[in-house]
Amino acid sequence: MGDQMRQRWCRMGFVSLLVLMIFGGATGTGANDGLLSSGESGIAFEARLTQYGPAEFLLILRDISDIQRQARALEQARAEAEAAARAKSLFLANMSHEIRTPLNAVIGMTTLLLDTPMSEDQRDFTQTIRNSGESLLEIINDILDYSKADVGRLEIEQHGFDLRRCVEEALDLVTPQAQAKQLNLAYLIEDGTPEALVGDATRVRQILANLLSNAVKFTHQGEVLVTVDADPVGEGRVCVQLAVKDSGIGIAAEHLPRLFQSFSQVDASTTRKFGGTGLGLSICKRLVEAMGGTIGVDSVAGQGSTFWFELPVPQPDQGRLAPPLAT
Ligand code: ADP
């Protein structure tokens, strides 16, 4: 007997059994739904028995074996696709980590080379190597963070740190670019903000540096201001709010919803004009969320943007009070 024939016989036997079972057990009026399956043959039926009167029944049987097979195949395909995506992210994380080591050596050695006597041309070439190495390192660091976040390996540390120092260090990183564009760079820590916090200073600085570097990049005149505030949120925690406000080109309302997605730039000409990968904000979002916080933006095209993030942190025992303004 062929396979198809055997399956047909099996189905018929199964249907007869089902009819007997349902009729045998039916009492009263109403509808009964049931699902029967035969494990060995892989055949499944859906049965609906409706009783209209003492001796009137309507039995609808539906062979749902194919539907169930398709659902199983779909589930398996989804699991395989997820495993493949995870493997790729893991590969990317490992590769970018491996590339960083020799790249750091290239940057370190060119820095040492710049301290040795050389002609003006040689100095110029060496400086170009170092600048390019540093740009490459930034991209690799972004890819590393991005792929680490994908496989759930973003490490968030918890240690005591000084919030003011963290803000100042982030500002130091963009000071040369801001000066070159003659932008005012300032920060304001509101009164009552605790400065001795417990959290991940490196990650907070990284997020701030990213937002600041965008603010400087997309502002052609005026200022970039960092503000820091904090509110108690109960249960021994405070919510620290950090914002980077610029007087730059701003972002049109229709672009705002996609801004924190990966590889998202407001328009294609951005890459041409300003460079960048469109990864910075999506990494910031992942980092903020990994720390239990939220990130957002308020912006008006042509008038500037305010990128902000909030982090819940344990209430420090003694918060130092901040002086009102520092630049
Ligand atoms: P990129 O590496 O391209 O800067 P980001 O994720 O950091 O990637 O930013 C995504 C896009 O958001 C930018 O390309 C730019 O179009 C827009 N953007 C980010 N910050 C600002 C800002 N302060 N002012 C105006 N546009 C901004």
Side-chain angles (χ1 to χ4, degrees), residues 89 92 96 100 131-150 154 167 170-171 173-188 202-228 241-291 293-310:
S89 297
L92 209 56
S96 25
R100 255 190 348 175
N131 293 347
S132 308
E134 279 167 356
S135 309
L136 192 54
L137 188 61
E138 253 176 57
I139 297 174
I140 301 227
N141 280 341
D142 273 0
I143 296 175
L144 182 62
D145 277 341
Y146 180 79
S147 41
K148 270 187 173 178
D150 252 4
L154 268 183
V167 171
L171 282 162
L173 294 173
V174 293
T175 302
Q177 292 93 313
Q179 273 172 352
K181 294 176 90 174
Q182 296 183 325
L183 301 175
N184 288 327
L185 206 53
Y187 75 87
L188 167 67
T202 312
R203 294 308 195 179
V204 175
R205 190 174 50 235
Q206 184 182 353
I207 298 163
L208 264 179
N210 231 312
L211 300 182
L212 276 167
S213 132
N214 277 347
V216 170
K217 186 157 74 168
F218 295 107
T219 302
H220 307 307
Q221 59 182 30
E223 60 174 23
V224 173
L225 174 70
V226 178
T227 57
V228 187
Q241 297 129 12
L242 298 107
V244 177
K245 184 175 187 307
D246 67 58
S247 56
I249 60 172
I251 302 158
E254 71 260 29
H255 296 302
L256 294 177
R258 290 189 54 241
L259 217 55
F260 291 94
Q261 288 173 15
S262 318
F263 308 109
S264 163
Q265 291 188 318
V266 165
D267 64 69
S269 63
T270 307
T271 321
R272 229 178 315 118
K273 265 195 268 172
F274 302 103
T277 52
L279 277 182
L281 290 178
S282 92
I283 293 171
C284 288
K285 183 173 160 65
R286 286 164 182 228
L287 284 173
V288 170
E289 284 173 358
M291 291 191 271
T294 43
I295 188 167
V297 58
D298 304 308
S299 187
V300 178
Q303 289 184 25
S305 315
T306 302
F307 282 84
W308 54 265
F309 61 103
E310 298 180 336

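In each ligand, atom 1 is the first atom listed, and ligand 1 is the first ligand listed.
Smallest separation of non-hydrogen atoms from I140 and S96: CG2-O, 3.3 Å. Of all heavy-atom pairs spanning F260 and L281, the tightest one is CD2-O, 3.6 Å. The two residues S247 and G222 make their nearest non-hydrogen contact at OG-CA, 3.4 Å. Considering all non-hydrogen atoms of both residues, V216 and K181 come closest at O-NZ, 2.7 Å.
Only the side chain of D246 comes within contact range of ligand 1, with a heavy atom under 4.0 Å; no backbone atom does. Under 4.0 Å from ligand 1, the heavy atoms of I251 that appear belong solely to its side chain.
When atom types are taken as modelled, the side chain of T219 and the backbone of D246 share no donor-acceptor pair closer than 3.5 angstrom. Between the side chain of S282 and the backbone N or O of Q261 there is no donor-acceptor pair closer than 3.5 Å.
Backbone and side-chain nitrogen or oxygen atoms of K217 are examined, and one is located within less than 3.5 angstrom of a nitrogen or oxygen of ligand 1. The distance criterion of under 3.5 Å between nitrogen or oxygen atoms is not met by N210 with respect to ligand 1.
Atoms of ligand 1 lying under 4.0 Å from any heavy atom of L279, numbered from 1 in the order shown and given with element: 6 (O), 8 (O). Numbered from 1 in the order shown, with element, the atoms of ligand 1 that lie under 4.0 Å from a heavy atom of L259 read 12 (O). The distance from ligand 1 to the heavy atoms of S305 drops below 4.0 Å at these ligand atoms: 24 (N). In summary, the atoms of ligand 1 found under 4.0 Å from a heavy atom of G280, numbered by their order in the structure, are 5 (P), 6 (O), 7 (O), 8 (O).
Heavy atoms of F307 come nearer than 4.0 angstrom to ligand 1 in at least one pair. Residue contacts with ligand 1 include A215, since one of its heavy atoms falls under 4.0 Å from the ligand.
Inspection of the Q206 and D145 side chains reveals an N or O donor paired with an N or O acceptor under 3.5 Å.
Taking each of I283, N214, V224 in turn, the one with a heavy atom nearest to atom 7 (O) of ligand 1 proves to be N214.
Residue E138 qualifies as open at atom CD: its count of foreign heavy atoms under 6.0 Å is 12 or below.
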